[in-house]
Amino acid sequence: MKASQMYINTLRDVPKEAEIDSHILLLRSGMIKKMVSGVYNYMPLGLKVLKKIEDIIREELDKVGCEEILCSALQPKELWVESGRWAKYGPELMRLKDRHDSEFCLGPTHEEVFTSIVKDYVRSYKDLPLTLYQIQTKYRDEMRPRFGLMRGREFIMKDAYSFDKDEDGLNKTYDLMYKAYSNIFDRLGLNYTVVLADTGAIGGSLSHQFMALSNIGESVIIYNDNYAADQEKAESLPEIEHSLEDLGEIEEVYTPNISTIDELSSFLNVPKKKIVKALVLKNYQTKEIFVCLLRGDRELNRIKLVNFLGANEFDIDFASDEDIEKINSNKGYTGPLELNHVRIFADKEVPSIKNSIVGSNKSDYHLKNVNFGRDYTCEVLDLRLAVKGDKDIVKGEPLNEERGIEVGQIFKLGTKYSGSMKANYIGIDGKEKPIIMGCYGIGVSRTLQAIVEQNHDERGIIFPSNLAPYLYAIVPVKYKDEMKDLSDQIYSLLESKSLSTILDDRDKSIGQKASDMELLGVPYIIIVGRDAKEGKVEFKDRYNNTTEIISKEELLKRIK
RNA sequence: CGGAAAAUAGUUCAGUUUGGUAGAGCGCCUGGUUUGGGACCAGGAUGUCGCAGGUUCAAAUCCUGCUUUUCCGACCA
């Protein structure tokens, strides 16, 4: 295509809304344009790339027997009430009313819709298995939209839902989808890793996330050769203290205005590992209050607590100062002894801490030599956030930490939706059974940004050749005389081979034209300049950052 | 939703402290000179200074309220 006819809206300045490279480049290249916070319009070049990503996804899913449909983003409240998620999903669900005051939501995901479609269709085990998917715009009223397409309030997602007659079938489908996802992300050229994941609001028994590795990623991956999980999910071996220390008598120590672990550790000159941290949390739905005990140097993994309680994630939060007083404690001085009306949980590491320091529940005092079992006891479970340096639960080897962008996630749902929505089938034994489901998402627009994040340099985007909006750009230094002739020749040759090409015929300086093509992510740039008389051009390869002067014939050989 | 910052031309920003004619670079238009990395010269167009109130002879500037945006935390594809 000729550049003079194209929408090429490149920006020289960095738009002030953007912070990270991929966001800046997507805006500067004119691929996307923001409408309001977290909502973007896709401009021609951006849409081209997006479509290429979508096509790869379609090809790989179709290959494993999925079929594409397209559902409405607008969903009636009734479906969500049926699955129980109208109440459970929280403020992130974009809710709206029509003129009759009927309630709707804009779908953040489509388990309900797909389940209701399939429930109408499937009568017998002979109709199963079945996997349907769609590529569609989703909505989520994010608290904080961020980083452009990375976390928008509107985003494009591929969501697939599988329907099987039994666990065995689900396992097979899940494995197929796992493989299809690997093929997709391989073909997209992403540097990614697959991790075990929490099932979150969607629910289910097993889940993997596909993470594009990047230091701007919002997820933390805990991994080594034996184990890889999202930090929310990650388990590690508890560090058990094997000390021969004798148990001391409980002693009160005066610790005025010392309410954090850091202060306490230096004030008493004891390692943080000797201190038991007590966090007071509340389920704001049920008004229940919990105290979580952790070793002083550890962080609480709230997801683990939420999952154990079977609560809604957004209902669990730190308790207020008044709540803390209600359980007979004092902010900054909470400890496991003499608490009222509260469930206490200890992380697995806590019982082995000998002669620990704990809060006394009254201001300005802590207790020394407090021992689990002798002085108090409570439910023990895995509550701590796994971090780098912990030992994995498979072979006990040290774990690493890395950041990742979550581009895909697959879930074994089981009967979570088919159960509540009564999506049943008649089995071979004539009995009615719930369909066994799986669901599989890919954040398509986010993936676009992840690709940009992983494929750029200081000059611009360097798209993989199968994703580039255009593979070649012909940039005449001046679009006239022999430069024009040679450019036109090369252009029609490339076009005749169906190689996507931009001919930059704009009346702009060479610097501007070349910079634009580099910014847009065109991998091969052919500059037609002073050597045009001899039929030679400059061939620039953005992948290995080389430029060569070659003849037209040599060029044709290269492009095959 | 907590904490912080910001909102002025298409865009990036100055001007606000100390109230008094609306500014610059880039971009855009016209003409010319240029043409190997966002070139130069001359001329030109472009504003609800986020919105609404208030103070004042006078408000981009001071006061109040609101809205929007960005960043940091808590949430997720």
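The figures here come from the full heavy-atom set of this structure, side chains too, leaving out hydrogens, waters and symmetry mates. First the proteins, then the strands, lettered A, B, ... as listed; each starts at 1. Keep in mind that this is a model prediction, so the values were computed, not measured.
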For B:rC75 and A:R302 - does any side-chain N or O of the residue sit under 4.0 Å from the phosphate oxygens OP1/OP2? yes
Residues forming a salt bridge (charged side-chain N to carboxylate O under 4.0 Å, His left out) with A:K2, sequence neighbours excluded: none
Inter-nucleotide C1' distance (B:rG37, B:rC28), Å rounded: 22 Å
Expressed in whole Å, how much space separates the P atoms belonging to B:rA22 and B:rG47? 12 Å
Can you give the donor-acceptor pairs under 3.5 Å from side chains of residues 34-44 of chain A to other protein atoms, not counting sequence neighbours?
| from | atom 1 | to | atom 2 | distance (Å) |
| --- | --- | --- | --- | --- |
| A:Y40 | OH | A:E17 | OE2 | 3.2 |
| A:Y40 | OH | A:H23 | NE2 | 3.1 |

Which nucleotide wins on minimum distance to the side chain of A:R151, given the candidates B:rC71, B:rC75, B:rU8? B:rC75
Inter-residue atom distance A:R302.CZ - A:L385.CG, 0.5 Å rounding: 12.0 Å
Would you state whether a donor and an acceptor, one from the side chain of A:E518 and one from the base of B:rG38, lie under 3.5 Å apart? no
Just grab all the salt bridge (charged side-chain N to carboxylate O under 4.0 Å, His left out) pairs involving residues 41-52 of chain A, residues at least two apart or on different chains. none
For A:G441, which contact category applies under a 4.0 Å heavy-atom criterion: base, sugar-phosphate, or nothing? nothing
Name the residue closer to the 5' end of RNA chain B, choosing between A:A18 and A:R459 according to the nucleotide with the nearest heavy atom. A:R459
Just compare B:rU8, B:rG38, B:rU69 and give me whichever is closest to any side-chain atom of A:L519. B:rG38
Please classify the nucleic acid contact of A:V444 as base, sugar-phosphate, or nothing, using heavy-atom distances under 4.0 Å. nothing
Distance check needed: B:rU11 P versus A:L11 CG, whole Å only. 9 Å
What nucleic acid atoms does A:E142 come within less than 4.0 Å of, heavy atoms only: base, sugar-phosphate, or nothing? base
With rounding to the closest Å, how many angstrom separate the C1' atoms on B:rU46 and B:rU35? 29 Å
Classify the ring geometry of A:W80 against A:Y89: parallel below 30°, tilted from 30° to 60°, perpendicular beyond 60°. perpendicular
When all nucleic acid strands are considered with a 4.0 Å heavy-atom cut-off, which category describes A:R144: base, sugar-phosphate, or nothing? base
Please list, chain by chain and in numerical order, all residues satisfying salt bridge (charged side-chain N to carboxylate O under 4.0 Å, His left out) with A:K272, sequence neighbours excluded. A:D262
By ring pair (Phe, Tyr, Trp, His ring centres under 6.0 Å), which residues pair with A:H456, not counting sequence neighbours? none
Counting any heavy atom closer than 4.0 Å, what does A:K138 reach on the DNA or RNA strands: base, sugar-phosphate only, or nothing? nothing
With rounding to the nearest 0.5 Å, note down the distance linking OG in A:S207 to CD1 in A:I410. 7.0 Å
Pairwise C1' distance for B:rG50 and B:rA60, with rounding to whole Å: 12 Å
Using Watson-Crick or G-U wobble geometry with both distances below 3.5 Å, tell me the partner of B:rA42, or none. B:rU30
Taking A:E548 first and then A:R558, would you say they form a salt bridge - that is, a charged N and a carboxylate O separated by under 4.0 Å? yes
Quick one: label A:I527 by what it contacts on the DNA or RNA (base, sugar-phosphate, nothing), any heavy atom closer than 4.0 Å. base
From B:rG38, B:rU12, B:rA77, nucleotide with atom closest to A:D13 side chain: B:rU12
Residue matched to B:rC1 through Watson-Crick or wobble contacts both under 3.5 angstrom: B:rG73
What's A:P15 touching, base or sugar-phosphate or nothing? Going by heavy atoms closer than 4.0 Å. sugar-phosphate
Give every residue pair that meets the salt bridge (charged side-chain N to carboxylate O under 4.0 Å, His left out) criterion with at least one member in residues 18-29 of chain A, sequence neighbours excluded. none
Which one, B:rU69, B:rC72, B:rG38, comes nearest to the side chain of A:V36? B:rU69
Which nucleotide, if any, forms a Watson-Crick or G-U wobble pair with B:rU64, using both distances under 3.5 Å? B:rA52
Inter-nucleotide P distance (B:rC72, B:rG27), Å rounded: 31 Å
Once you apply the 3.5 Å cut-off to both distances, tell me the Watson-Crick or G-U wobble partner of B:rU16, or none. none
Below 4.0 angstrom, N of the basic side chain to O of the carboxylate: do A:K533 and A:D531 qualify? no
First encountered from the 5' end of RNA chain B, between A:G511 and A:E17: A:G511
In whole angstrom, give me the gap between the P atoms of B:rC62 and B:rG73. 31 Å
Within the structure shown, what part of the strands sits under 4.0 Å from A:S515 by heavy-atom distance: base, sugar-phosphate, or nothing? base
On a whole-Å scale, what distance lies between the C1' atoms belonging to B:rA9 and B:rG23? 10 Å
Tell me which residues in residues 153-162 of chain A lie within less than 4.0 Å of RNA chain B, going by non-hydrogen atoms. A:F155, A:M157
P atom, B:rG19 versus B:rC57: distance in rounded Å? 15 Å
Winner on side-chain proximity to A:R146, out of B:rU69, B:rA74, B:rG38, is B:rA74
I'd like to compare against my own output: the B/S/- annotation of nucleotides 29-35 of chain B with a strict under-4.0 Å heavy-atom distance to protein. -----BB
Run the ring pair (Phe, Tyr, Trp, His ring centres under 6.0 Å) test against A:Y192 and tell me which residues pass, sequence neighbours left out. A:F185
